[in-house]
Colleague: 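Have a look at the structure that comes next, please.
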Amino acid sequence: MAIAREAEPVGSLKEVEDAGLDREDLLQIYRNLLMTRGIEERGHILYKQGKIPGSFYTGRGNEAAAVGVATAMGSEDVGTPLHRDMGVHITRGVEPWRIFAQYMGRVDGPTKGRDGNVHMADDRLGLIAMVSHLPAMLPVAVGCALAFRIREEQRVAVGWFGEGASARGDTHEAMTLAGTRHLPMVFICDNNQWAYSTPSHLEYASEHIADRAASYGFEGVVVDGTDVLAVYREAKRAIEKARAGGGPTLVECMTLRMEGHAVHDDAFYVPKELFEEWAARDPLERFRTWLREHAELSDDEEHEIAGDVKKVLNEAIRRAEESPLPDVDTLLEGVYATPEELETPHHK
Amino acid sequence: MAIAREAEPVGSLKEVEDAGLDREDLLQIYRNLLMTRGIEERGHILYKQGKIPGSFYTGRGNEAAAVGVATAMGSEDVGTPLHRDMGVHITRGVEPWRIFAQYMGRVDGPTKGRDGNVHMADDRLGLIAMVSHLPAMLPVAVGCALAFRIREEQRVAVGWFGEGASARGDTHEAMTLAGTRHLPMVFICDNNQWAYSTPSHLEYASEHIADRAASYGFEGVVVDGTDVLAVYREAKRAIEKARAGGGPTLVECMTLRMEGHAVHDDAFYVPKELFEEWAARDPLERFRTWLREHAELSDDEEHEIAGDVKKVLNEAIRRAEESPLPDVDTLLEGVYATPEELETPHHK
Amino acid sequence: MLLAPEELGNATLGTIVAEKTYLQAISDGLRQEMRRDKRVFVIGEDVGVYGGAFKVTLGFQEEFGAWRVLDAPLAETAILGACTGAAIVGMRPVAEMQFADFISCAWDHLVTVAAKQHYRVGTAVPIVVRLPSGGGFSGGPFHSQNPESSFAHIPGLKIVCPATPEDAKGLLVSAIEDPNPVLFFEHKHLYRRIKAEVPDERYLTPIGKARLHQEGEDLTIVTWGAMVYTATEAAAELAKKDVSVEIVDLRTIMPWDKQAVLESVRKTSKLLVLHEDTRTGGFGAEIAASVAEEAFEHLDAPVRRLAAPDTPVPFSPPLEKAFIPQVADVVRALTELADY
Amino acid sequence: MLLAPEELGNATLGTIVAEKTYLQAISDGLRQEMRRDKRVFVIGEDVGVYGGAFKVTLGFQEEFGAWRVLDAPLAETAILGACTGAAIVGMRPVAEMQFADFISCAWDHLVTVAAKQHYRVGTAVPIVVRLPSGGGFSGGPFHSQNPESSFAHIPGLKIVCPATPEDAKGLLVSAIEDPNPVLFFEHKHLYRRIKAEVPDERYLTPIGKARLHQEGEDLTIVTWGAMVYTATEAAAELAKKDVSVEIVDLRTIMPWDKQAVLESVRKTSKLLVLHEDTRTGGFGAEIAASVAEEAFEHLDAPVRRLAAPDTPVPFSPPLEKAFIPQVADVVRALTELADY
Ligand SMILES: Cc1ncc(C[n+]2csc(CCOP(=O)(O)OP(=O)(O)O)c2C)c(N)n1
Ligand SMILES: Cc1ncc(C[n+]2csc(CCOP(=O)(O)OP(=O)(O)O)c2C)c(N)n1
Ligand SMILES: [Mg+2]
Ligand SMILES: [Mg+2]
């Protein structure tokens, strides 16, 4: 029994303009999608070249969901994106070279080499760095929303979780607190159908994750996560509703994880046909086609954007490789914060 | 939006007989209700007399819910009752004197003085002792159901939780595992409207706790917890459904906690009118009236049962008071189990 | 460096002081901070209308409103996770666990997120978790624990365990000001039993500094929390036999004041480490190991540890009494040490 | 009492042995138990179709079916809580945490329910939790930890940390037979790097007994897990300088073999405690404190501890290398101790 609303795909340019996006915004979204995928593709190559230590994760297939939601956020809003949400970092403005520096464990990554992968965020951009433990950042996001509510600010917190992590108690406690207090909180489920090798039916037993929103006292909506504009529209609705005091929403973005869990995993357990089916719905291709059909994206524009992204990436990798590895003498620094750090809080 | 089914009250004797209870069973239920309340009333007196160390909790108002569910359980079924569920222990056959011994920290209590209150159970009767941390026993109950499923036994596990504890992650994880694996598990929510001083709307934001069952892939039902026969009927349905391979059910028993959280608490925060309203629905009175109207309970029978219960209680307290306090030389014993204990498992 | 008794806290001369229980001192300190700093808010189970299980926040909701004194759902991870989030965006949350025992339900949040966020990404997490802890009243295995040792192994956390009303207030203020997650252990047995003078004005007792509870020459006891009083009684017994015992009240477990302990041990040459928590892997081991290593040449006897035995906290009064270190146990240990 | 190297495990003469990796030894031991005892089942994230993140249970689901090799939801408390329930009604569950780090999410269940149920009510909880742990491959703060010390303070739990393939198999069998909750730490760095002869037949390596990894006269190192190999390399360096180092592989942390350690220290008079986990409040403190107390008269030098510093595990290779004790660090510590 489905309880949540299932969102329609986005049709016309008119509809998009009603949702507050002009053509520049659309091109920026396109650029962000390309940049997101580009970073992860380049990262993958660097990884194979042995330049990235540890393991390596990508969000291939999830670019539209991440970029769509982040585009809907206000500049003062905050969020806790996860390992498939590179698009959120890009959209919020993290400089690509710093991401490569992070991947390679260099001092110019947001964690200065203390952590790897997408375990990072630039808090000046309103993002809070994830931990591995899923979805431990959801209650933290709810806490941000609580602070906004206490201070009566018109700000919203956005928290991400996977359909696998939906099984954990933290997801429930976060939704319970947000729901009982009607906090300005939006929950985004990156539902990519697999949690490592585990299929959805072993993680939850309802039709949709969004169905459970009703039992937390708020709305749930399921959206095609490959349709960046539909994701944007639903996220925008949810965020503005929260901002207006309407309480939380759970937005479930349906995608397929288009690669293995991490690069070591060939995803043998995912049926081939499923990959083929979702490859045909590639979020970048889909948006490119839409832009051509509805927003007159020209060949020239397309090449310009692609060329620009490529240049940024080349330059970013170069710059990241120049960034030094951390000095071992810094190993013991920063276990504890100093009082001065609270004098200039990243966020008021 | 209510999603769960709301159960009807029980009407006729015929209906009850269809549910598998004969007149003897009905009188036994009545006796168990009296015994349950009697134990807690006597316990309260002993506490005031300074004979019970620590604190003291009762389940006044929840007797019918506890006895109703336990009556529906099969002898090979197992359960993890909580601090309002004395009726479960009584119905499963724990000897009252051992409960008083437990209260008083004597060696003949099920925990031999190591733990107090209702933090006890006799595992030979298929009950597993609760811990304070709520609802930490729910995943444990699910594990029993998992074992039954693995071994393909026709047994069912019953797990209790309060509407307050419904907010905790353990509740969610337990329901997720039970739901995704269709385990022979019945969840009982003792919804007594308060969690210590916290009202329900701060613990969950749906109309009913049972509404959430749908998002775990199983059925939810709300029943009047003061109607022992309705509780029995719904628990029986749920248990037999689970036994037949139909998966879990969440049965929510609506009551009011008729006393403070524990004896030190005068429950000033509960509106007086609410107490008055629910006092008029006292589960014992209600069932007595029903027995008189539908099962020809006579004055003689009533007096006989009441007298018998009183005798048992008097004798139980006497015997418990004779039970010694634990010998301090035993303090270090039993932190670890010995291999021999596994030779004769309490439960196959 | 040890602070002598007269230097305690930062109370300046001329301060108005009043006799207060340990509980009142905590309550007053918290109220003062909330009046002073709008960023401070309180969240926990039953802290609002009810004023908390121990009534530390009684009357707070009337004064500060329902959004600064929040009755939380029964969900410890939500409570502490929300504190971390709120702290990151500029609040100064003070959470109450109903009993310290229940912090086990938020272990992951504390060790995984709160403790590591600053080292990993430079994000400060200024939260305080108030933890009514300790036994002595037949609370049984789940309402009597002293879980500080488990946390005292997690870099990034701070842990304070005040023994006196004055320290309780001053350390709470410091904990709220501290830019890190601070676990604030309040010993339940001291709540209403211990009464002493507490300055009315605001003051900070430094985190990480031990307090010289009692000067002595022959033996040192290092301890904290309710055991400070057990130690005091035992020392009085020893004094009758002309053995002079110095008592160092550690006050802070993370970071602990090793210099103060070493200084005392260099003077007395003999050390008893005493705590109410269980022995194996208890924080006493860290202290004993450190002192045995760093004061090796100064020790006239092995460093002794006295702690609860390695069992859960039993409920029944005779068992609980045998479990928690008693004055007689401390006297015995001190006597043995004196005779070594 | 120390077991000499040739007495390792209970492998009788004439046993068929084969070269196996540490990982294969665990896998084989588990498969053997599952074939032998229908009550044994495996549950964890991705242990079924995928064979586990490290492929320890590869092929198990084909052999034993989907109800004895259960792919669990991403819910550690559900996994371990369910193990406890199943154990209470007669099963012998073996859970896998995907990484040891994630056990923090089930801390409450382990310390509150599993560890205390037997002491409180006499209900045995025979569960095994397999924990791929340890660093050395840029896993970062959450895929490299050695969380044994936090648990080694909780009465009711047992903790084993095998270093060799033979011990890994024998201790796993013992853990499954043990009527108590056993945390079984498997060091990830040893999985495929360490290969040695392992008997094919079933045998039990006793829980609670140390293993004399290498005999020596001048100094003792007590350690466990991957650090056994670091210690071995360091000892080889010292041997060049004619300093003879005895290495005691503790194998079990709870209960730890204090007698074996004391016996070695009485012989060598000098002890280095070495572990990969962080220092403050680490289990090394318990060992050092105990030895310093009980072998006080036998020590010619203070007991030294060498451990990771008090920070999260850093990701970047140079930092991680500076974090995890290296052979050179051990050599330095041993040399200092030798020169004391
Ligand atoms: C608490 C916890 N347990 C286990 C893991 C190991 N793990 C990392 S990612 C993953 C699967 C996550 O699935 P999902 O939430 O659907 O996110 P996805 O990776 O599919 O985006 C697992 C089990 C973890 N990170 N956290
Ligand atoms: C994890 C946890 N946190 C806090 C407590 C303290 N506590 C004991 S009972 C209680 C209220 C429980 O409410 P509910 O689940 O509705 O059960 P009720 O007592 O109303 O039957 C609280 C907060 C606890 N037992 N466990
Ligand atoms: Mg997924
Ligand atoms: Mg309740």
Side-chain angles (χ1 to χ4, degrees), chain A residues 78 80 110-112 114-115 119-123 126 128-133 136-153 155 157 159 168-170 172-181 183 332-343 345-348, chain C residues 38-39 41 43 64-68 70-93 95 105-106 108-127 154-158 177-181 207-208 254-255:
Chain A
V78 302
T80 56
T111 70
K112 302 189 168 78
R114 262 96 188 273
D115 207 339
H119 294 172
M120 58 156 210
D122 187 334
D123 52 19
I128 302 174
M130 68 177 286
V131 295
S132 285
H133 296 53
M137 301 312 287
L138 269 193
V140 175
V142 171
C144 298
L146 177 62
F148 301 154
R149 175 63 189 79
I150 293 173
R151 297 191 300 234
E152 297 184 342
E153 293 170 351
R155 293 166 71 187
R168 274 213 55 232
D170 287 16
H172 175 71
E173 296 198 9
M175 292 192 184
T176 295
L177 181 56
T180 51
R181 291 287 178 169
L183 299 180
L332 303 181
E333 289 169 13
V335 175
Y336 293 94
T338 58
E340 298 70 49
E341 292 177 59
L342 294 185
E343 298 303 310
H346 334 281
H347 299 95
K348 297 131 283 171
Chain C
K38 276 187 63 172
R39 300 172 306 176
F41 74 94
I43 183 169
F64 302 107
W67 284 99
R68 281 185 72 203
L70 287 133
D71 277 320
L74 205 170
E76 282 75 10
T77 296
I79 294 170
L80 293 192
C83 285
T84 292
I88 289 174
V89 296
M91 302 295 284
R92 294 291 176 273
C105 299
D108 176 57
H109 174 77
L110 286 167
V111 311
T112 301
V113 185
K116 298 185 174 56
Q117 204 74 1
H118 189 264
Y119 185 80
R120 289 172 56 241
V121 237
T123 308
V125 179
I127 65 172
I154 309 296
L157 301 179
K158 294 192 178 182
E177 284 222 337
D178 198 283
N180 296 286
I207 292 179
M254 281 262 279

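Reminder, nothing fancy here: chain letters follow the sequence lines and each chain counts from 1. The figures here come from the full heavy-atom set of this structure, side chains too, leaving out hydrogens, waters and symmetry mates.
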Colleague: Below 4.5 Å from any heavy atom of chain C, which atoms of A/L138 appear? Answer side chain, backbone, both or neither.
Modeller: neither
Colleague: Show the numbers, then the answer: is there a side-chain contact (heavy atoms from CB on, under 4.5 Å) between C/Q117 and A/V140?
Modeller: CA-CA 12 Å; C/Q117 204 74 1; A/V140 175; over 6 Å; no
Colleague: Looking only at heavy atoms, what is the nearest atom pair of C/V89 and A/A147, with distance?
Modeller: CG2-CB, 3.4 Å
Colleague: Report which part of A/A157 has an atom under 4.5 Å of a heavy atom belonging to chain C: side chain, backbone, both, or neither.
Modeller: neither
Colleague: Need one label for A/H172: side chain, backbone, both or neither, based on atoms under 4.5 Å from any heavy atom in chain C.
Modeller: neither
Colleague: Give a yes or no on whether the backbone of C/T112 and the side-chain of A/H133 come within a donor-acceptor separation of less than 3.5 Å.
Modeller: no
Colleague: Kindly indicate whether the side chain of C/K158, heavy atoms from C-beta on, has any atom under 4.5 Å from the side chain of A/Y336.
Modeller: yes
Colleague: Considering only heavy atoms, which portion of A/A129 lies under 4.5 Å from any heavy atom of chain C: side chain, backbone, both, or neither?
Modeller: both
Colleague: What part of A/M175 lies closer than 4.5 angstrom to a heavy atom of chain C: side chain, backbone, both or neither?
Modeller: neither
Colleague: What do the steps show when you test A/L177 against C/I79 for side-chain contact (heavy atoms from CB on, under 4.5 Å), and what is the final call?
Modeller: CA-CA 8 Å; A/L177 181 56; C/I79 294 170; over 6 Å; no
Colleague: Could you tell me if the side chain of A/D170 sits less than 4.5 Å from the side chain of C/H109, heavy atoms only?
Modeller: no
Colleague: Identify which part of C/E76 has an atom lying under 4.5 Å from any heavy atom of chain A, answering side chain, backbone, both or neither.
Modeller: backbone
Colleague: Take A/I150 and C/M91 through the test side-chain contact (heavy atoms from CB on, under 4.5 Å) and record every step on the way to the result.
Modeller: CA-CA 10 Å; A/I150 293 173; C/M91 302 295 284; 3.8 Å; yes
Colleague: Can you tell me if C/Y119 uses its side chain to pair, donor with acceptor, with the backbone of A/E333 under 3.5 Å?
Modeller: no
Colleague: Please classify the contact between A/S132 and chain C as side chain, backbone, both or neither, with a heavy-atom cut-off of under 4.5 Å.
Modeller: neither
Colleague: Check whether A/R151 reaches the backbone of C/R39 with its side chain - one donor and one acceptor, N or O, closer than 3.5 Å.
Modeller: no
Colleague: I'd like to check A/I128 versus C/V121 (side-chain heavy atoms, cut-off strictly below 4.5 Å). Are they in contact?
Modeller: no
